Peer 1: 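Please see the structure below; I have some questions.
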Amino acid sequence: MSIIRPFRGIRPKKELASSIAALPYDVYSSAEAREIVRANPLSFLKIDRAETLLPEGTDMYSSQVYETARDTLDEMIRDGSFIQDSADCYYIYALTMGGRTQTGLAACASIDDYTNGVILRHEKTLDAKEQDRIRHIDTCSAQTGPIFLTHRPDDALRRITERIKSGDSLYDFTSPDGVRHQVWKIDDPDDTERISRIYAGISHLYIADGHHRAASAVKVGLSRRAADPDFSGTEEYNFFLCVLFPSDELKIYSYDRVVTDKNGYTFASFLDKIKDGFDITLVGNRPYRPADKGEFGIYSDSTWYRARAHSALRSDDPVSGLDVSLLQDHILAPILGIRDPKTDPRIRFVGEIKGFEALEKMADASGGIAFSMHPTSMEELLRIADSDRLMPPKSTWFEPKLRSGLFIHRF
C-alpha cells in the first residue's frame, strides 16, 4: 500500500514559470550555476545553489549558503514570484522531448513508505551528498527538488490523467533545451480522493532518479519527528515532494564510460586481451551504439569496434546480468584495473544524451578508451529493486530531467 497525498504547492506565478524552472542542482558545477544565475537572475538555481548569490570563493557548504537559500525563497514568496494554492492539490506534470511525452503526478510521498520498503531503491547514496541536501531542506523547511518516482502502469489513474489534461493548463512552456513542460492542477476533492485510493492499491513505488534528495528529505523528516513529542504522523514533515510516472512512459538512456588510460596496454594489445570472452568486430570511424544486450562499442585511437560477450560470460542474475556489470566484471576491473568505479579517478561517466562527440573527445584527450553502452531497461530496474538489490553506479540516465522550482513543498 502506497501513501500518496496532495499538498498546497508553492509554485511560480504563471508568467515567471519558464524563467524560474531550472534543471536539478547537481547537474551543474558551481561555476556553471553562477553563469546561469548571472544570465537569468530568476533561475531557481539561486535557491538550489545559493552560493551563486555570494562572493566567489564562498564555501558552498557554509551556513551562510543555506541561510541565503531560505531568505531568497522567503523573499520570492513575499514579492509574489511564488504563490501558494489555498487547498491541497495534485498537479499533473507532462514533459515532451523528441516527440515523446511522459506524464506524471506531482504529490507528496510518505517517509514511512521509504523506511518500510514500499518505496524501493536501486542505488546507494553517499553521505557527503546527503549532508548538503539535508542542510538545505532543513534550513529552508522545504523540499525544492522533486524526487522522480515510478510505478507499474494503472489504467484508472491514466484515465483521470488524460481527462484533466484535456482542460486548461497552469503552465505550458518550452525550456532552452527544447523540452516542453506542461502543468495542470487537480483540486477537485473527488478527484484527489480517488487518486489517493488508487495509489493505496499500488504495492510498490520505485525511485528512478533523486536517491540523495529522497534520503535527505526522509532524514530531515525523521529528525523533525524525533524533536516533536506530539507528532501524529500527518504533519507535512512526514512527507516529501515527488513526481510519479508510469514506468511504460519512461525512457532510460545509456550511461557510457571512459577510462582515461589503457593501464599499460596499447589499444591493439587491449583488444587482444579481451578476445577470449568477446567477439571483436571492426566498425571503423563511425560511432557505434550497441543494438542488443551483451554488446559494447569500444573506441580509441580514432577507431570504433563492437564487442559482443560470449554466452559463458552472461548471467541471469538481476545485477550480474546488467551490461554495466558485464563490462565492469570482465573488462574494467580485471584488465583496466578499475576496481571501484565509485572512487577510481581514472573512470569518467558520460550520459548518452551528451552524444558521441563528448565521448570521443574525452577518450582522445586522455589517451584512454571509451565504451558505449546498451541502456539498462526499465524492467531490469524494477526487477533489481523488487529483489532488494542495488545497481552498480551510473547504470541509468533518465531524460528529460524534472525541473526544480515548479513545485515546492514546505513544512
Side-chain angles (χ1 to χ4, degrees), residues 97-102 122 150 178 208-209 247-259 267-268 270-333 335-336 338 341 347-364 368-384 391-401:
M97 181 178 112
R100 180 183 63 85
T101 299
Q102 60 189 51
H122 66 266
T150 187
D209 200 7
S247 59
D248 62 347
E249 294 187 10
L250 301 181
K251 181 174 181 179
I252 301 177
Y253 291 82
S254 66
Y255 226 140
D256 299 330
R257 275 90 165 120
V258 176
V259 178
F267 191 35
F270 164 77
L271 293 173
D272 188 62
K273 183 74 174 177
I274 68 174
K275 69 181 182 181
D276 287 343
F278 297 84
D279 293 323
I280 310 299
T281 305
L282 174 65
V283 176
N285 60 9
R286 68 184 187 279
Y288 178 73
R289 174 69 59 197
D292 298 303
K293 271 183 63 62
E295 291 186 357
F296 311 107
I298 301 180
Y299 171 83
S300 190
D301 299 347
S302 302
T303 307
W304 281 91
Y305 288 81
R306 184 188 75 171
R308 182 174 177 80
H310 295 167
S311 58
L313 298 188
R314 303 185 187 219
S315 172
D316 292 330
D317 179 82
V319 176
S320 298
L322 292 172
D323 279 2
V324 290
S325 297
L326 186 64
L327 179 67
Q328 176 63 34
D329 295 343
H330 298 286
I331 295 180
L332 299 189
I335 298 172
L336 293 178
I338 306 295
I347 190 167
R348 304 284 189 273
F349 301 93
V350 182
E352 176 189 347
I353 201 76
K354 296 184 179 180
F356 285 112
E357 184 178 353
L359 196 63
E360 292 177 342
K361 183 177 180 180
M362 191 175 293
D364 290 341
I369 303 175
F371 300 88
S372 63
M373 309 294 296
H374 188 261
T376 302
S377 73
M378 181 58 63
E379 277 308 311
E380 285 176 317
L381 184 154
L382 299 180
R383 183 184 175 203
I384 287 169
M391 287 184 173
K394 309 298 185 182
S395 294
T396 59
W397 179 287
F398 284 91
E399 287 284 350
K401 302 290 186 189

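Fair warning: this is a prediction, and the values are worked out from it, not measured in the lab.
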Peer 1: I need the full list of salt bridge (charged side-chain N to carboxylate O under 4.0 Å, His left out) pairs touching residues 273-282, with sequence neighbours left out, sorted by first then second residue.
Peer 2: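 Output for this query lists D272-K275.
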Peer 1: Taking side chain to side chain donor-acceptor pair (under 3.5 Å) as the cut-off, I'd like each qualifying pair that reaches into residues 347-357, sequence neighbours left out, listed once.
Peer 2: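 Sorted result for residues 347-357: S254-E352.
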Peer 1: Let me confirm one number: the CZ-CE distance from F349 to M373, rounded to the nearest 0.5 Å.
Peer 2: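 So the CZ of F349 and the CE of M373 are separated by 10.0 Å.
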Peer 1: Show the nearest heavy-atom pair for residues G297 and P290, with the distance to one decimal.
Peer 2: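 Closest pair (atom of G297, atom of P290, distance): N-CG, 3.7 Å.
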Peer 1: What residues, two or more places apart in sequence or in another chain, satisfy salt bridge (charged side-chain N to carboxylate O under 4.0 Å, His left out) together with E399?
Peer 2: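 Testing E399 for salt bridge (charged side-chain N to carboxylate O under 4.0 Å, His left out), a comparison that skips the adjacent residues, returns none.
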Peer 1: Minimum heavy-atom separation for T150 to A208, with atom names?
Peer 2: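 Of all heavy-atom pairs spanning T150 and A208, the closest is CG2-CB, 4.5 Å.
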Peer 1: Name all residues meeting the side-chain hydrogen bond (donor to acceptor under 3.5 Å, both in side chains) criterion together with Y255; count only those two or more places apart in sequence or in a different chain, and write none if there are none.
Peer 2: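 Partners of Y255 under the side-chain hydrogen bond (donor to acceptor under 3.5 Å, both in side chains) test: none.
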Peer 1: Taking only residues at least two apart or on different chains, which pairs with a member in residues 310-322 satisfy salt bridge (charged side-chain N to carboxylate O under 4.0 Å, His left out)?
Peer 2: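 Of all non-adjacent pairs touching residues 310-322, those that pass salt bridge (charged side-chain N to carboxylate O under 4.0 Å, His left out) are D317-R389.
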Peer 1: Testing the basics here: between L359 and A370, what is the closest heavy-atom pair and its distance to 0.1 Å?
Peer 2: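 Reported closest heavy-atom pair: CG-CB, 3.7 Å.
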Peer 1: Test of understanding: with side-chain hydrogen bond (donor to acceptor under 3.5 Å, both in side chains), list the residues that count as partners of T101, not counting sequence neighbours.
Peer 2: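 Once residues adjacent in sequence are excluded, the partners of T101 under the side-chain hydrogen bond (donor to acceptor under 3.5 Å, both in side chains) criterion are T96.
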Peer 1: With a 4.5 Å limit on heavy-atom distance, are the side chains of F270 and S300 in contact?
Peer 2: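 Side chain of F270 against side chain of S300, heavy atoms only: no contact under 4.5 Å found.
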Peer 1: If the condition is salt bridge (charged side-chain N to carboxylate O under 4.0 Å, His left out), which residues does E360 pass it with, not counting sequence neighbours?
Peer 2: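 If we apply the salt bridge (charged side-chain N to carboxylate O under 4.0 Å, His left out) test to E360, skipping adjacent residues, there are no hits.
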Peer 1: Nearest 0.5 Å, what's the OG-NE2 distance between S395 and H122?
Peer 2: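 Answer for the OG-NE2 pair, S395 versus H122, is 7.0 Å.
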Peer 1: My understanding is that only residues two or more places apart in sequence, or in another chain, count here; which of them pass ring-ring contact (aromatic ring centres under 6.0 Å, His included) with F267?
Peer 2: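 Only Y305 meet the ring-ring contact (aromatic ring centres under 6.0 Å, His included) criterion with F267.
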Peer 1: How many angstroms lie between atom CD1 of I274 and atom CD1 of I298, to the nearest 0.5 angstrom?
Peer 2: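 I274 CD1 to I298 CD1: 4.0 Å, rounded to 0.5 Å.
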Peer 1: Can you tell me how far CD1 of I384 sits from CE of M391, rounded to the nearest 0.5 angstrom?
Peer 2: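 Rounded to the nearest 0.5 Å, the CE-CD1 separation comes to 4.0 Å.
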Peer 1: With sequence neighbours excluded, tell me which residues meet salt bridge (charged side-chain N to carboxylate O under 4.0 Å, His left out) with R383.
Peer 2: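 For R383, no residue satisfies salt bridge (charged side-chain N to carboxylate O under 4.0 Å, His left out) once neighbours in sequence are set aside.
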Peer 1: Taking the side chain as C-beta and beyond, is there a heavy-atom pair between F371 and D256 under 4.5 Å?
Peer 2: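 Counting from C-beta outward, F371 and D256 never come under 4.5 Å.
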Peer 1: Can you tell me how far the OG1 atom of T376 sits from the CG atom of L322, to the nearest 0.5 Å?
Peer 2: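 With rounding to 0.5 Å, OG1 (T376) is 5.5 Å from CG (L322).
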Peer 1: Under the salt bridge (charged side-chain N to carboxylate O under 4.0 Å, His left out) test, which residues partner K401, sequence neighbours left out?
Peer 2: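 For K401, the residues satisfying salt bridge (charged side-chain N to carboxylate O under 4.0 Å, His left out) (neighbours in sequence not counted) are D209.
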Peer 1: Could you check whether atom CG of D292 has more than 12 heavy atoms from other residues, nucleotides or ligands sitting under 6.0 Å from it?
Peer 2: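 Yes.
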Peer 1: Report yes if the side chains of H374 and E295 come closer than 4.5 Å at any heavy-atom pair, otherwise no.
Peer 2: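 The answer is no; the side chains never approach within 4.5 Å.
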Peer 1: Taking side chain as C-beta onward, heavy atoms only, is F398 less than 4.5 Å from M378?
Peer 2: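 Yes; the side chains approach each other to less than 4.5 Å.
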Peer 1: Throw together a table of side-chain donor-acceptor distances under 3.5 angstrom for residues 324-332, partners on residues two or more places apart or in other chains.
Peer 2:
unit_1: S325; atom_1: OG; unit_2: V319; atom_2: O; d: 2.7
unit_1: Q328; atom_1: NE2; unit_2: I338; atom_2: O; d: 2.6

Peer 1: Got I347 and R257 here, is their nearest side-chain heavy-atom distance under 4.5 Å?
Peer 2: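 They are in contact (side-chain heavy atoms under 4.5 Å apart), so the answer is yes.
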Peer 1: Does P375 reach the side chain of K251, with side-chain heavy atoms less than 4.5 Å apart?
Peer 2: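 Contact flag for P375/K251 side chains = no.
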Peer 1: How long is the straight-line distance from CD1 of I369 back to CZ of F296, given to the nearest 0.5 Å?
Peer 2: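 The CD1 atom of I369 is 13.0 Å from CZ of F296, to the nearest 0.5 Å.
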Peer 1: So, N285 side chain and T303 main chain: donor-acceptor pair closer than 3.5 Å or not?
Peer 2: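 Not at all, since once roles are kept as given, no pair shorter than 3.5 Å links the two residues.
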Peer 1: Looking at residues at least two apart in the chain, or sitting in another chain, which of them share a side-chain hydrogen bond (donor to acceptor under 3.5 Å, both in side chains) with D364?
Peer 2: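 Per chain and number, D364 pairs via side-chain hydrogen bond (donor to acceptor under 3.5 Å, both in side chains) with Y299.
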